[in-house]
Amino acid sequence: MSIDRHQLAVPLSADLNPAQGEAVKLTEGPLLLLAGAGSGKTRVLTYRVAHMIGQGVDPWSILAITFTNKAAAEMRERITGLVGTEGKGLWVGTFHAVCMRVLRVEIENLPGYKRGFVICDSADQLALLRSVLGELDIDEKKFSPRSLLEVISNAKNRLLSPEAFEREAGDFFAELAARVYRVYQAKLFANNALDFDDIIMLTVRVLRECPQVLGFYQNRFRYILVDEYQDTNHAQYVLINLLASRHRNLCVVGDDDQSVYGWRGADVTNILEFERDYPEAVVLKLEQNYRSSGSILAVANAIVKHNRGRKEKSLWTEKDDGDLVVVHRAVNDTEEARYVVDQVLRLRDNLGLNYGDFAVLYRTNAQSRVLEERFIRAGVPYRVYSGVKFYERMEIKDLLAYLRFVFNPNDSVSFGRIVNVPRRGIGDASLQKLFAFSAGENVSLLELLASLDRLAPEMDLQGRAVNALKGFASMIESFRELARSGTSLWELTQFVLHESGYWESLRGNRAADGEARLENIDEFLNLTAEFDGRATEFLEDYDLGLAADTDTDAAVDGGQGMALLGGFLEQVALVADIDSYDDGEDVVKFMTMHSAKGLEFPVVFLVGMEEGIFPSSRNILEPVLLEEERRLCYVAVTRARERLFLVHARQRTRFGRTESAVPSRFLSEIPDDLVNASEEADWGRSYGAGAYGRSERYGSSGRYGSSGRYGGSERYGGDSVGNPGGASRSGAGARAGAGADSGWGQKDHEPGRSGWGTQKNLDAGRAGQETPAAPVEETYFVGDKVIHPSFGQGIVMSCRGVGDEAEVTVVFAGEVKKLIAAYARLEKT
DNA sequence: TAACGTTCTTTTTTT
DNA sequence: AAGAACGTTA
């Protein structure tokens with residue numbers, strides 16, 4: 001992370017050791033760079049590209065593939081710092097981002113595919129698959145949608161079309177999966193939608209089926225670099241080899257010990273057999289670790305040594321041993337969390353560390369909850385970098401569905417999601433007829449909606465539904481018109497939000513989390529505004545140097561306005577939680593071990609070091625899977641620079657049940673002399689009498705009070721805790737210190753609307769906000785203004801009867817409802 | 001049609 | 001523990 005400091009001032013070679021220097025300079029021909037954890041491979045990759053540009057290589061001819069968008073942004077930034085120019089034309093991105101860039105231009109080379117497609121996220125995939133199961137009359141309970149999706153994903157990662165997959169299907173299940181795959185794919189096609197795996201697979205298809213396209217990109221990319229090569233799957237492997245086969249200037253970087261994505265099709269043999277693919281390849285090894293203390297590195301080496309199928313190598317460091325690694329046993333999971341908080345506070349106090357120096361890593365997202373509760377109670381600021389993604393929340397998905405349907409009116413998944421949200425009186429029965437007709441007559445949804453007058457009788461739709469659908473169709477058309485006009489995304493979103501009645505319906509929803517949802521919507525609007533701010537940049541990028549001809553494009557009708565919307569939707573689909581990782585933010589970082597890959601922290605806690613948790617119970621029996629768990633442990637351990645804490649609990653609550661737990665086998669793979677067990681004993685002693693007293697101290701004394709870092713906000717005085725840094729919340733950077741709230745249910749409590757992609761904070765302290773049911777004997781009069789928990793504000797049109805029995809007719813935003821007072825929970829305003 | 005209550009499933013890991 | 005899925009009720 002120190003590259004910035006060195007930029008430009010020194011010649012490149014001064015920052016590099018001999019092996020690194022060689023890797024930077026050997027720009028011609030294939031290169032395999034085996035880079036151990038913390039060996040500075042990111043720096044090498046960056047310098048290598050900078051060096052090439054410095055040597056006069058046109059950035060336009062360089063393609064660099066990174067593992068995350070975050071890494072891509074960083075690399076681009078550092079290259080800019082090193083060479084002083086922006087490296088215009090340089091392609092840096094993840095596989096998915098790079099392939100999207102190709103497909104946006106080239107997809108129409110594939111028969112039937114259209115530009116203006118949308119990307120299905122996992123929830124969409126699931127919805128689509130279930131509709132397939134329904135059509136094929138397959139019982140979800142016998143064949144779980146998720147396992148079928150996994151099979152399909154695997155097939156795509158191996159570049160198998162439904163037909164090819166069918167041919168190789170050996171057993172009954174595979175045959176069934178093949179049928180499902182075929183229909184699923186047909187549905188995607190009809191919706192003009194791609195799933196994640198399609199993005200790679202279709203790119204390969206274009207390159208394979210269109211020699212002129214392949215030729216173009218082969219010629220263009222004289223130099224190709226791929227990071228984390230051990231995590232590439234077959235489709236990605238083929239893609240890279242197709243592109244690199246002309247110039248053969250392919251540099252791949254990786255570490256077989258850090259291969260942890262086998263479960264999503266990654267194939268370590270890609271890196272292990274690179275020399276077979278490129279016999280003339282130079283192989284360089286980076287074995288000096290610059291990150292971790294001697295003890296931490298020794299622990300990592302000791303653990304990974306237990307794996308059989310690996311290339312022998314030994315990382316070394318010039319650093320001192322440093323502190324011993326601490327293994328701590330907690331009584332249960334809440335005590336585990338308490339221990340972590342206490343250690344954070346202790347180290348911060350004793351060593352002058354910042355919150356931002358700590359990371360807590362776990363195997364599964366579910367483990368974050370207990371930790372969060374504890375951190376909130378202690379008032380320690382933290383941020384969760386995985387788990388429920390921001391845009392997976394219901395209200396965000398709804399809003400996105402509107403935008404997606406505006407962008408692509410063939411997207412039946414989005415249509416199905418929003419057509420009756422807020423309620424428009426279009427019921428399931430009507431929708432079924434609609435979909436059946438659309439599929440049966442092969443009429444697109446758009447055409448169907450446009451010609452309802454003619455087709456409604458054929459579909460046997462109710463008059464009420466027809467009218468509602470007509471209204472919906474013309475509303476969508478007005479949205480599309482606005483989008484085409486080139487309005488800003490923010491404006492479009494505002495328009496959609498209000499015209500659709502969605503905002504109103506949320507605002508009226510006083511129940512439970514309506515407020516939080518509105519805040520999320522607010523956050524979403526910030527994101528659109530932020531994207532608007534980058535509009536020019538994006539549109540330039542969009543058809544940069546490619547034969548894109550947006551003006552005459554029929555599929556993306558509306559040109560730039562729609563293109564902008566498409567770009568935004570793409571970003572939403574492909575940007576991961578971890579991409580918002582902000583190193584500088586002074587909060588404790590929570591994330592899965594997988595997400596932590598590529599990152600480093602001064603102090604790391606690995607929690608849940610128990611058999612069944614880590615290694616996961618699903619991967620314990622199969623040796624190959626167990627080795628991947630062990631590699632994950634290696635990755636996790638090597639994230640730590642100075643201090644490492646390995647924590648396990650004797651009891652843990654899972655599925656609401658308390659189970660006893662056995663320490664992870666990985667702990668016993670560490671030689672005793674590398675571990676500090678004394679802290680455990682120390683803690684053990686103080687536990688009975690001291691533990692609660694201790695938390696008391698942290699909780700209520702002013703001892704840690706005014707650290708001054710936060711401009712005087714009282715950190716630990718009583719329970720009141722502010723947000724770090726005054727919680728600036730402009731734009732996507734709005735990451736108000738999730739978890740900094742103490743949870744009294746105070747008004748400005750901010751339940752996790754912590755910005756792009758962060759997990760929602762706990763709703764601790766939100767109790768007691770329940771809306772009471774309508775008071776008995778309440779009487780309604782025509783003209784009364786009322787609020788309904790889900791319909792929002794409305795006006796009473798008529799009322800029959802009194803008290804509980806009263807049947808009240810209310811006009812809500814765009815709809816009329818007949819409600820029984822006793823059940824409706826109406827509130828007079 | 002929608003709200004509400006009961007029962008069931010869920011926890012790998014992510015682009 | 002929390003959410004989804006189903007059935008019941010008005």
Side-chain angles (χ1 to χ4, degrees), chain A residues 65-70 93-100 119-122 125-126 130 140-141 144 146 150 153 156-157 194-200 228 231-233 235-236 260-266 333 361-370 373 385-389 392 394 420 423-430 464-465 511 570 573-579 591-597 608 612-620 625 628-629 631-632 635-636 652-658 757 762-763 773 788-791 804-805 807 815 817-825:
Chain A
I65 293 182
T66 57
F67 197 64
T68 61
N69 293 299
K70 168 86 178 159
T94 63
F95 271 104
H96 287 86
V98 165
C99 287
M100 275 303 292
I119 300 168
C120 284
D121 66 17
S122 18
Q125 285 180 275
L126 207 59
R130 299 181 109 170
E140 278 188 26
K141 285 180 187 112
S144 90
R146 285 186 57 198
E150 207 169 294
S153 175
K156 290 183 175 184
N157 287 336
L194 311 192
D195 65 19
F196 289 123
D197 302 311
D198 282 337
I199 294 172
I200 314 289
E228 306 281 8
D231 288 325
T232 50
N233 62 37
Q236 293 164 336
V260 292
Y261 284 98
W263 52 272
R264 69 174 200 207
D333 45 2
L361 310 182
Y362 35 77
R363 178 67 231 274
T364 65
N365 285 305
Q367 288 170 258
S368 74
R369 172 164 278 134
V370 186
E373 279 167 12
Y385 281 95
S386 41
V388 181
K389 290 172 180 68
E392 279 174 12
M394 193 246 288
N420 201 31
R423 313 238 139 79
R424 300 186 173 91
I426 303 167
D428 264 356
S430 308
R464 199 170 61 122
E570 178 189 324
L574 293 182
V575 164
D577 214 15
I578 198 68
D579 291 326
M591 65 186 80
T592 64
M593 297 175 185
H594 280 88
S595 295
K597 194 165 169 203
I613 303 281
F614 189 40
S616 159
S617 54
R618 307 200 174 205
N619 299 338
I620 275 184
L625 300 178
E628 181 154 309
E629 294 281 309
R631 287 193 294 272
L632 184 60
V635 167
R652 182 171 297 276
T653 311
R654 275 177 103 190
F655 304 129
R657 205 184 298 281
T658 302
L762 294 170
D763 283 348
H788 183 272
S790 54
F791 300 130
D804 275 0
E805 267 97 34
E807 192 185 297
E815 58 190 328
K817 291 280 159 198
K818 262 188 197 158
L819 303 156
I820 310 290
Y823 306 104
R825 292 203 294 168

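Below, read A as the first sequence line, B as the second, and so on, with proteins coming before strands; counting in each chain starts at 1. Computed over heavy atoms, backbone and side chain alike; hydrogens, waters and symmetry mates excluded.
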Can you label the angle between the A:His96 ring and the A:Phe196 ring as parallel, tilted or perpendicular, going by 30° and 60°?
perpendicular
Under a plain distance cut-off of 3.5 Å, with no hydrogens placed, do A:Gln367 and A:Thr364 share a side-chain donor-acceptor pair?
yes
Nearest whole Å is fine: how far is B:dT14 P from A:Met591 CE?
11 Å
Return the value, rounded to whole Å, for the distance between atom CZ of A:Arg264 and atom P of B:dT15.
6 Å
Could you tell me if A:Arg657 sits above the aromatic ring of A:Phe655, with its cationic atom closer than 6.0 Å to the ring centre and no more than 45 degrees from the axis?
no
A:Arg363 CZ to B:dT14 P, in whole Å, measures 9 Å
Return no unless some side-chain N or O of A:Asn69 is found under 4.0 Å from OP1 or OP2 of B:dT15.
no
Selection from B:dT11, B:dT15, B:dT13 that lies nearest to any side-chain heavy atom of A:Phe655:
B:dT11
Is the closest side-chain heavy-atom distance between A:Trp263 and A:Glu150 below 4.5 Å?
no
Specify the separation, in whole Å, of atom CD of A:Glu140 and atom P of C:dA4.
14 Å
What is the distance from CG of A:Asn233 to P of B:dT15, rounded to the nearest Å?
14 Å
For A:Arg130, answer base if it contacts any base atom (sugar-phosphate contacts may also be present), sugar-phosphate if it contacts only those atoms, and nothing otherwise; contact means non-hydrogen atoms under 4.0 Å.
sugar-phosphate
Using the side-chain heavy atoms of A:Thr592, tell me which of these nucleotides is nearest: B:dT11, B:dT13, B:dT15.
B:dT13
Please determine, for the side chain of A:Thr94, which listed nucleotide (C:dA5, B:dT15, B:dT13) has the closest atom?
B:dT15
Here the distance between atom P of B:dT15 and atom CD1 of A:Ile199, to the nearest Å, is 12 Å
Taking C:dA2, B:dA2, B:dT14 as options, the one with an atom nearest any side-chain atom of A:Arg423 is B:dA2
Name the nucleic acid region contacted by A:Asn619, choosing base, sugar-phosphate or nothing; use a 4.0 angstrom heavy-atom cut-off, strictly under.
base
In terms of heavy-atom contacts, A:Arg363 and A:Ser616 come closest through NH1-CB, 3.3 Å
Over how many whole Å does the gap from A:Leu126 atom CG to C:dA5 atom C1' extend?
13 Å
How about A:Ile119 and A:Leu574: do any of their side-chain heavy atoms sit closer than 4.5 Å?
yes
Rounded distance (Å) that lies between atom C1' of B:dT1 and atom CZ of A:Arg424:
16 Å
Would you indicate what A:Arg631 reaches in the nucleic acid, counting non-hydrogen atoms under 4.0 angstrom: base, sugar-phosphate, or nothing?
nothing
A:Phe196 vs A:Ser430, nearer the 5' end of DNA chain B by closest nucleotide:
A:Ser430
Shortest side-chain distance from A:Lys141, nucleotide among C:dC6, B:dT15, B:dT13:
C:dC6
DNA chain B nearest-nucleotide lookup for A:Glu150 and A:Gln125: closer to the 5′ end is A:Glu150
Give A:Ser595 one of three labels, base, sugar-phosphate or nothing, depending on what nucleic acid heavy atoms sit under 4.0 Å from its own.
sugar-phosphate
Quick one: is B:dT11 close enough that its OP1 or OP2 comes under 4.0 Å of any side-chain N or O from A:Arg146?
yes
